Every structure is written in structure tokens, then in C-alpha cells.
Amino acid sequence: MEGQQANEEDKFILSLPRERGWGIPDLYLFQEFWCPSILIKEVNLFQKDFEAKDSDIIVASFPKSGTTWLKALTFAIVNRQCFSSFENHPLLSSNPHELVPAVEFIYRGDVQFPTIEPRLFGTHTPFPSLSKSIMESNCKIIYISRNPFDTFVSAMSFFGKIKLEPLSTLKMEEAFEMYCNGIIEFGPWWSHMLGFWKESIAKPNRVLFLKYEDLKEDANFQVKKIAEFLGFPFTQEEENNNVIESIVKLCSFEKMKNLEVNKSGIIYQFLEKKYFFRKAEMRDWENYFSPFMREKLSKIIEEKLDGSGLSFMI
Ligand code: PPS
């Protein structure tokens with residue numbers, strides 16, 4: 001019976017529209033997003049089986065938008081009573097993706113459920129496809145978005161390095177065309193952002209929508225905002241003792257990139273940790289985009305985000 005069910009599931013997956021991925025060989029158009037083939041069953045399990053607790057915190061993002069950074073900050077903010085020493089902190093010996101595992105990979109069996117509370121989870125699954133229990137619980141969701149120009153460049157570089165056999169390297173023009181059509185792991189990027197954006201407006205106490213660029217510009221201010229949203233506000237004493245600045249420093253790109261734990265080794269059985277840290281610059285896209293690409297992507301952003309109130313500085 002179980003075998004028969006698995007067979008039906010495989011048949012269903014194979015019947016879905018399919019495209020090549022950037023890093024994962026096949027993407028299937030599943031529940032209106034391009035789901036990596038290796039995670040479809042896992043997303044299904046997540047939807048069905050995940051039992052959210054009101055105290056859970058979900059760090060959500062489109063890939064290459066600042067996930068690693070937000071995971072580190074969230075872990076440091078909510079666990080600061082247990083790990084008040086910044087000289088001997090778990091973030092110095094573990095990668096942020098190990099401390100805040102992605103639910104999709106938990107269901108793949110690559111990592112364990114977090115054991116400390118509040119439980120912190122990462123996810124790239126779009127808002128409408130999150131588990132029913134998350135929708136029905138009061139758990140908090142923080143979402144990080146990024147200028148789609150820089151996300152494109154970051155994704156090109158990352159997926160080019162981690163790509164699984166038998167994928168060939170995507171040429172820039174090919175990748176750009178796919179990106180403009182929303183074809184990329186967990187894409188389209190516009191509907192991904194809009195799903196969380198709309199929910200953050202409808203339920204501001206439940207979803208906090210952040211931008212990578214705002215964090216870059218004033219990390220202290222954003223960290224304070226995240227802590228308040230999550231129900232872990234900083235006390236005056238903590239502020240006087242520069243706890244916010246210490247967290248920002250601990251999670252900074254320069255600090256994290258140069259840690260031994262992030263320079264080698266893999267997570268989720270196949271992703272090299274060093275590739276999560278590249279340049280972390282704003283407007284790096286200017287080094288790659290032709291005037292044609294700039295105009296085309298600007299138009300798509302304008303068209304797709306039109307009327308939503310969401311915009312990005314280019
Ligand atoms: S992933 O694969 O979705 O988890 O990748 P993600 O972390 O979302 O995005 C990777 C980009 O974020 C940069 N990065 C950081 N920026 C600021 N601070 C910290 N601590 C940090 N850690 C990673 C990383 O360099 C990627 O951006 P690019 O532009 O490629 O450098």
C-alpha cells in the first residue's frame with residue numbers, strides 16, 4: 001500500500017511542468033512555485049506533518065536574499081540570555097544554517113529538529129505553501145528580501161558553484177532569461193516576495209518584512225526592531241552595555257566569513273559552507289548588467305510589484 005502511494009506521488013511529480021534548475025537538476029512547477037525536485041516530497045511532508053508551536057520563529061526568504069545573515073542575527077537575539085558571552089558563542093563554532101535549520105532539509109533527513117526553545121526554523125517555501133499549522137498558530141515569521149538585481153548576481157555565482165551533476169553552467173544570458181520568467185529555485189521571486197509582503201501588511205504582528213539593504217544601512221536599528229517584533233526587546237541596561245552593537249559585530253559578514261567553521265565543510269550533505277559568503281555588497285549588479293538587462297529587469301520589477309507598495313532602490 002505504501003509502495004503504491006509512493007508510486008502515485010512519483011507519477012504526480014513527473015506530470016508537473018519541468019525546467020532545468022540553476023543548481024538542482026530539475027525544478028517542477030508545484031503549487032505555483034518552481035520547487036527543486038529533491039525537495040517536493042519534503043515540502044509536502046512539511047505541509048502535512050509540521051506541528052507549529054506559538055513560540056516558534058520562522059526565518060523565511062527567497063534564496064540569496066540575506067538568509068544566512070538573518071538566521072545569525074535571530075539566533076543571537078533570541079538566545080542572548082543563554083549565550084551572553086560573545087567570546088564563546090555558538091555562532092563562532094557553528095554555521096547559522098546549522099543553528100537555524102531549513103524545514104525542507106529537516107524533512108529530507110539531513111538535519112535534526114532544533115532542540116532549544118524557542119525553536120528557530122528557516123524556509124524558502126513561499127507563503128501560500130507553508131504548513132497549515134503555521135498558518136493556524138501564532139508563531140512569528142521574519143522575511144528578508146533583497147533588491148532583485150543583486151539577488152540575481154548572488155544566485156548566479158552560488159548556483160554556479162554548487163550545481164549538481166549533470167548540470168552544465170548557465171551562461172549569464174540564459175540565467176537572465178530564466179530569471180525574467182521567474183524560473184529559478186523557489187521562484188518566481190516576485191510572487192515569493194509579494195506573498196510575505198501582503199501578509200506582513202495584513203498581519204504586522206505576525207510577519208515582519210525586512211530588506212537586506214536596510215540591514216546594511218542601519219543594522220543596529222533593524223536588530224532592535226527584530227527583537228521587539230519577536231518579543232525579546234532590549235532593556236535599557238542592555239542598550240547601555242552595547243549588546244546590540246555586539247550582536248551586529250558577531251553576525252557581520254567580515255566576522256562570519258573569516259571563521260574557521262564557515263571556511264570549510266558542508267551542510268545539508270552537499271552545500272559547501274564557504275559559498276554562503278561571497279561579497280555582501282550592495283549594487284554589485286552594476287559590475288555585471290548591460291544597459292539592456294538593467295532596463296528589462298527594471299520594467300519587470302515595476303510591472304510585477306505595481307500597486308503593492310513594495311519597491312526597491314536601484
Ligand atoms: S541562501 O543560500 O539562500 O541561504 O543565501 P543567503 O544567505 O540568502 O544569501 C547569500 C548572500 O548574503 C551574503 N551574506 C551576508 N551579508 C551580510 N552579512 C552577513 N553576515 C552575510 N552572510 C552572507 C552573501 O555574501 C551573499 O551575497 P553576495 O552578494 O553573493 O555576496
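Model, not experiment: these values are computed from the prediction. Whatever order the structure lists them in is the order used to number ligands and atoms, beginning at 1.
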Can you pull out the closest protein heavy atom to [atom]? Residue, atom name and distance to 0.1 Å, please.
atom	result
atom 19 (C) of ligand 1	Trp69 CG, 3.5 Å
atom 26 (C) of ligand 1	Ser154 OG, 3.6 Å
atom 13 (C) of ligand 1	Tyr212 OH, 3.9 Å
atom 8 (O) of ligand 1	Thr67 OG1, 2.5 Å
atom 3 (O) of ligand 1	Lys64 N, 2.9 Å
atom 4 (O) of ligand 1	His97 CE1, 3.2 Å
atom 23 (C) of ligand 1	Phe276 O, 3.2 Å
atom 20 (N) of ligand 1	Cys251 O, 2.9 Å

Geometry only, no angles: is [X] polar-contacting ligand 1 at N/O separations under 3.5 Å?
X	value
Met256	no
Phe158	no
Phe62	no

query: What's the shortest heavy-atom distance between Val103 and Phe121, and which atoms?
result: CG1-CD2, 3.6 Å
query: Which pair of non-hydrogen atoms, one from Glu32 and one from Pro188, has the smallest distance, and what is that distance?
result: O-CD, 4.0 Å
- request: Rounded to the nearest 0.5 Å, what's the gap from CZ on Arg108 to OH on Tyr268? Could you check?
  value: 10.5 Å
Check ion pair [X]-[Y] (N to O, under 4.0 angstrom):
X	Y	result
Lys132	Glu136	yes
Lys273	Glu260	no
Glu8	Lys11	yes

task: Check the hydrophobic clustering (I, L, V, M, F, W, Y; side-chain heavy atoms under 4.5 Å; chains of links allowed) and say if Phe105 and Leu164 are grouped together.
output: yes
statement: Closest to atom 29 (O) of ligand 1 by heavy-atom distance, out of Arg146, Lys279, Glu185, Lys257, is Arg146
- prompt: Can you tell which part of Lys216 has a heavy atom less than 4.0 Å from ligand 1: side chain, backbone, both or neither?
  reply: neither
statement: Within the 4.0 Å heavy-atom cut-off, what Ser252 brings close to ligand 1 is backbone
query: Is Lys249 positioned over the aromatic face of Phe86, cation under 6.0 angstrom from the ring centre and no more than 45 degrees off axis?
result: no
message: Could you check, using the six-membered ring where one of them is a Trp, whether Phe209 and Trp197 have ring centers closer than 6.0 angstrom?
response: yes
Within-4.5 Å side-chain heavy-atom neighbours: Phe159 and Leu170: no
Phe277 neighbourhood, listing ligand 1 atoms whose heavy-atom distance to it stays under 4.0 Å: 22 (N), 23 (C), 25 (O)
task: Would you please determine whether Ser157 falls within less than 4.0 Å of ligand 1 on a heavy-atom basis?
output: no
